[in-house]
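Side chains are part of it too, since the values below use all heavy atoms of this structure and drop only hydrogens, waters and symmetry mates. First listed ligand is number 1; within each ligand, the first listed atom is number 1.
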Amino acid sequence: MLTIALPKGRIAEQTLEKFEKVFNEKFLFENRKLILKKAGFTFLNVRNQDVPTYVMHGAADLGVVGLDVLEEKEYDLVKLLDLKIGQCKVAIGLKAGEQIDWNRSIITVATKHEKIAKRFFESKAMAVNIVKLYGSIELAPLVGLSDCIVDIVETGETMRQNGLVVGDTIMDSSVHLISNKNSYYNHKTEILSLRESLAST
Ligand code: PRP
């Protein structure tokens, strides 16, 4: 039986909808339960950022997670399929009217994507002082906590509503089906057949 870690919330619902179409059955986490067993699969309802951890340690064979989260973890996992949901980008956000001075030697960046932000600015030969936040990142430059932010942009509305403008895109992201290498090689037929079914729904 394959175990699949799903990120709580909208992505979990959209992923389970895909499974409903494939297996023609109702897939739903009920009564705040975190484990769902259905049609020969075990689904785990976990935090977004924890999905790669469950998969990497083999607690789940497969996971469903945004590319941004995967890049941030830097684990060596197999990317099986782009599920074409949760499309967004990781981008720089600045106070309207401000620009990044690329000649500066150091910049203070507020973000939950520490590694992605660090890699990006270091590739521009700029040292980074990271201020790690867990949400409402857009506040940071407004109250002088950072020079800019690195955050998820979907519609751009949150930045706009808070007087920020979207700067350079660092990466595009969407939700992917992932696997650890052990599970992939041990259950290859089953995993590839599931991948095919999900790809065609
Ligand atoms: C994410 C992200 C932005 C917002 C972007 O936050 O951090 O704040 O969505 O979406 P938009 O471009 O469509 O406005 P999320 O809702 O995940 O909450 P968070 O602030 O707790 O991270």
Undergrad: Only one of H113, E114, E74 clears side-chain hydrogen bond (donor to acceptor under 3.5 Å, both in side chains) with R119; which?
TA: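 One option only clears the test, and that one is E74.
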
Undergrad: In terms of the angle between their ring planes, are F43 and F41 parallel, tilted or perpendicular, with boundaries placed at 30° and 60°?
TA: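 Tilted.
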
Undergrad: A side-chain contact here means heavy atoms from C-beta on lying under 4.5 Å apart; do I178 and V78 qualify?
TA: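 No. Closest side-chain heavy atoms not under 4.5 Å.
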
Undergrad: Return the protein residues near ligand 1 (heavy atom under 4.0 Å from any of its atoms), ordered by chain and residue number.
TA: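 These residues qualify: K112, G135, S136, E138, D151, I152, V153, E154, T155, G156, E157, T158.
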
Undergrad: May I ask you to establish whether K21 and F19 are in a cation-pi arrangement, using a distance under 6.0 Å from NZ or CZ to the six-membered ring centre and at most 45° from the ring axis?
TA: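 Verdict for F19: no cation-pi partner in K21.
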
Undergrad: Classify the side-chain pair S183/N180 by whether it contains a donor and acceptor separated by less than 3.5 Å.
TA: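 Yes, N180 and S183 have a side-chain donor paired with an acceptor closer than 3.5 Å.
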
Undergrad: May I have the step-by-step check of side chain to side chain contact (heavy atoms under 4.5 Å, CB included) for I152 and K89, ending in yes or no?
TA: CA-CA 6 Å; I152 296 290; K89 58 186 182 179; over 6 Å; no

